[in-house]
Amino acid sequence: MPQGISVFDEQLRLRVWNQGFIEALDLPPEAIMEGIHLSAVISIRVARGDYGCGDADELVCSITAQVGKFEASREEETHPNGRSYQIQKEPLFIGQDLAGFITTYTDTSEQRASAEREQLAQKVYTHTPAGIIFTDEVHRILSINPATTQMTGYETFELVGQTVFGLIELGEKQQQGPFEAELALRASWQGELDITKKNGDRFPAGTRVNRVDDPQSGLPAHYVWILADITERKQSEERMRHIAQHDALTGLPNRMALLMRLAQLLPEARRHGWKIAMMFLDLDRFKIINDTLGHQIGDELLREVACRLSAVVRETDFVSRLGGDEFIIILPGISSAADAAAVASKAIAALSTAIEANGHELHTSPSIGISLFPDDGPDGDTVLKNADTAMYHAKAAGRNNFQFFAAEMNQITSERLSIEHKLRHAITRNELALCFQPQFLAGDGSPTGVEALLRWHHPTDGMIPPDRFIPVAEETGMIVEIGDWVLATACREMKRWIDAGLKPVRIAVNVSARQLRRRDFCETVANVLTISGLPAELLELEITESSVMENPQEAVLILQRLGSMGVTLAIDDFGTGYSSLAYLKLFPIDHLKIDRSFVADIEFDLNDRAIAFGTIALAHTLGLKVIAEGVETEDQLELLRTNGCDEVQGYLMSKPLSGTAAFTFLHAKQCAQQAPGSPAE
Ligand code: C2E
Ligand code: CA
Ligand code: CA
């Protein structure tokens, strides 16, 4: 028998027992012998502490008296070995005579544990926030827990007997038949399903289905469906996704969303042979607004621009903001470039009216580059890059316009890149040099100065003209370093000539807008003068009118400081920009240089002649001297001289010369002029 059994006789002596008895009471087998008294068994246990502490003899006495009663009893006891037993005692009769008692010990530990487990499971089932549905082998509902009722609004009686698929939507990807087969094959399945509530609402549920097999047949007998309402988690995921893919300022999709959209659109367009236009839009002069009026107003402007752009496109088009003042618009499925041009024109028109921001009336305009897929590139990256390139061309073309990408644009861009790359080494490798073009009084032809002109002798490409590399140097900012070098070299050279016997003349140095904007420009000039030892009044800085008109207030301050140092100033290329002479009055200028495009046409174009001579007259009333550059013919010289032009510079008198040649040329001129009666040339 699995139970322990003991029989004590009417004198409480042990008569019959089995191994189960010894195990149940955990007794030392050698101490258990036929005929030992119940109190001997009890005393073993008392000594061991089974009955707690106290006087041992007293405990043995009282417990023996208690156990040694000849009456039926039944009790539960947990023994020191941790197992629990049901102990059942019956008096034993032989005929009518009491012969002792028989006790059985049944181990109930397993039973108890499983009862406890069941209780716990019941608690979980009732109190868990997860919906638990218990079904039969064909997914008919056998029971649901309270959480299921809470989630779905259905009471138990409404669901029991129904199939679980009445409650659960499988979605597009799954069909009931195959899904059931899958559940039958796998021990468990996990995924997301939609649940329809009693009131018709739906919610997403994280679902786990566990298969329960029949222990005998091994076939699926039941399924346990566990459902968790993940609406909130999905919503917060959705919020996170929205945040990750949208620009916080304007609410437009951001770069990440743009790339995802392209990844979606391009394969479709390839399949159907559609065209996609990408428009790269950059706001003109946004930085100035942002810097002068503050970020808050800049932000408001961007929001309004985003609004207006979104309004000009169709529902299926895609407006995104890359950051800063850069927007990208994707037009999927256009039929021709003209469609994109129409949208670009609309965008320009939409931004042409003033934008109100915090009481300011702001005017902004876009420069737009357009490139087409697949015409301008086989993939999204290339097409985007090309739209960017086209946008730069729109900027160069005077802003507030759009340009389509053309392959030549990249050629120009790559040439620029290669120049930029080589230019970085030009100074350190001694590839730069200056040449000098003399300037003369128009009246008697005596030399008044020289203009320093930069030359770049590249070891393999040969002479690279300044018109090709100076714009690149300006764009990249390298002009600052190069300009510093020009300034220092020119001043040193002129000082050397004077030391070698030349009567002092001006040295004119071209200064780019970028150099002028630098805070330390005046210090740089002062340093160069100190180091070279050249008197300040021999240095003339040539500044283009557009570079001073960029920020006239600031330019006035810088030019005044330079003027107070004794340096003279010339406005270069005069007539090609938009500045008025009246404005120039504010600047401490000494010379105006009439651009050579006017001089070139002075003989034949009456308009140019009128402008040139009008300029001379006006300049004189403002106290400025006029230099005409690009003088190539005797007739031009004659016309300029008779109309009061002060100085001239041009191939007619001299081309730009190397340092040594310029010194020799000027020295000879000065000597010839000193000796009266000698021929002028
Ligand atoms: P720019 O300051 O207007 O310089 C005058 C340009 O006209 C020079 O060209 C000169 O060689 C040219 N030139 C002079 N006389 C005649 C003539 O009779 N006929 C013709 N057709 N041209 C004549 P260059 O040296 O090629 O310089 C071009 C431009 O490069 C300059 O125009 C100036 O804007 C810029 N540049 C040259 N050197 C420097 C420099 O050191 N720094 C800066 N920032 N720009 C420079
Ligand atoms: Ca110049
Ligand atoms: Ca010029």
Side-chain angles (χ1 to χ4, degrees), residues 419 423 426-427 431-440 442 449-457 462-494 506-518 521 524-525 528 539-548 568-577 589-603 626-637 639-640 645 647-659 661-662 665:
I419 286 186
L423 198 53
I427 293 187
E431 293 167 10
L432 297 182
L434 290 184
C435 64
F436 303 88
Q437 188 177 32
Q439 300 168 329
F440 309 87
V450 289
E451 178 180 3
L453 293 163
L454 189 55
R455 295 292 174 262
W456 180 13
H457 300 281
M463 241 287 291
I464 301 175
D467 292 334
R468 268 181 59 204
F469 72 85
I470 283 178
V472 179
E474 277 176 345
E475 241 167 58
T476 56
M478 277 185 274
I479 192 68
V480 172
E481 196 191 342
I482 293 175
D484 286 353
W485 178 88
V486 170
L487 196 63
T489 310
C491 292
R492 202 174 49 231
E493 187 78 1
M494 179 52 76
R506 262 188 347 245
I507 172 112
V509 174
N510 293 287
V511 173
S512 84
R514 189 101 184 213
Q515 284 174 277
L516 202 62
R517 275 208 303 269
R518 286 188 54 105
F521 182 66
T524 306
V525 173
V528 164
L539 177 62
E540 176 154 276
L541 300 178
E542 292 195 4
I543 293 151
T544 60
E545 53 173 329
S546 53
S547 74
V548 287
T568 61
L569 299 166
I571 292 291
D572 205 354
D573 301 345
F574 188 79
T576 56
I589 299 163
D590 305 279
H591 287 102
L592 272 192
K593 293 189 82 172
I594 298 183
D595 191 63
R596 66 173 185 271
S597 59
F598 291 99
V599 175
D601 291 336
I602 209 170
E603 294 163 82
V626 177
I627 304 179
E629 62 181 348
V631 179
E632 294 184 353
T633 67
E634 290 287 357
D635 288 345
Q636 288 168 351
L637 179 62
L639 273 167
L640 288 163
C645 182
E647 296 177 34
V648 287
Q649 173 184 353
Y651 292 174
L652 176 66
M653 288 72 63
S654 168
K655 291 205 160 182
L657 305 168
S658 73
F665 178 90

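Every number for a ligand or one of its atoms is a count from 1 in the order of the listing.
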S.K.: Give a yes/no answer: is there an N/O/S atom of Asp572 under 3.0 Å from the Ca ion (ligand 2)?
M.R.: yes
S.K.: Measure the spacing between CG of Leu541 and CD1 of Ile589 and express it to the nearest 0.5 Å.
M.R.: 12.0 Å
S.K.: Less than 4.0 Å is my threshold; does some heavy atom of Gly630 fall inside it relative to ligand 1?
M.R.: yes
S.K.: Heavy atoms only, cut-off 4.0 Å: how does Asp573 contact ligand 1, side chain, backbone, both, or neither?
M.R.: side chain
S.K.: Atoms of ligand 1 less than 4.0 Å from Val486 heavy atoms?
M.R.: 41 (O)
S.K.: Number the atoms of ligand 1 from 1 as they appear, then name those within less than 4.0 Å of a heavy atom of Asp467, with their elements.
M.R.: 28 (C), 29 (C), 30 (O)
S.K.: Would you mind naming the N, O or S atom of Glu451 nearest to the Ca ion (ligand 2)?
M.R.: OE2
S.K.: Show me which atoms of ligand 1 lie under 4.0 Å from any heavy atom of Glu451.
M.R.: 2 (O), 4 (O)
S.K.: Within Asp573, is some N, O or S atom less than 3.0 Å away from the Ca ion (ligand 2)?
M.R.: no
S.K.: Judged by non-hydrogen atoms, does Glu474 sit under 4.0 Å from ligand 1?
M.R.: no
S.K.: In ligand 1, which numbered atoms sit nearer than 4.0 Å to a non-hydrogen atom of Gly650?
M.R.: 15 (N), 18 (O)
S.K.: What atoms of ligand 1 come within less than 4.0 Å of a heavy atom belonging to Glu632?
M.R.: 17 (C), 18 (O), 19 (N), 20 (C), 21 (N)
S.K.: Can you sort out which atoms of ligand 1 are near Pro656, meaning under 4.0 Å from one of its heavy atoms?
M.R.: 11 (O)
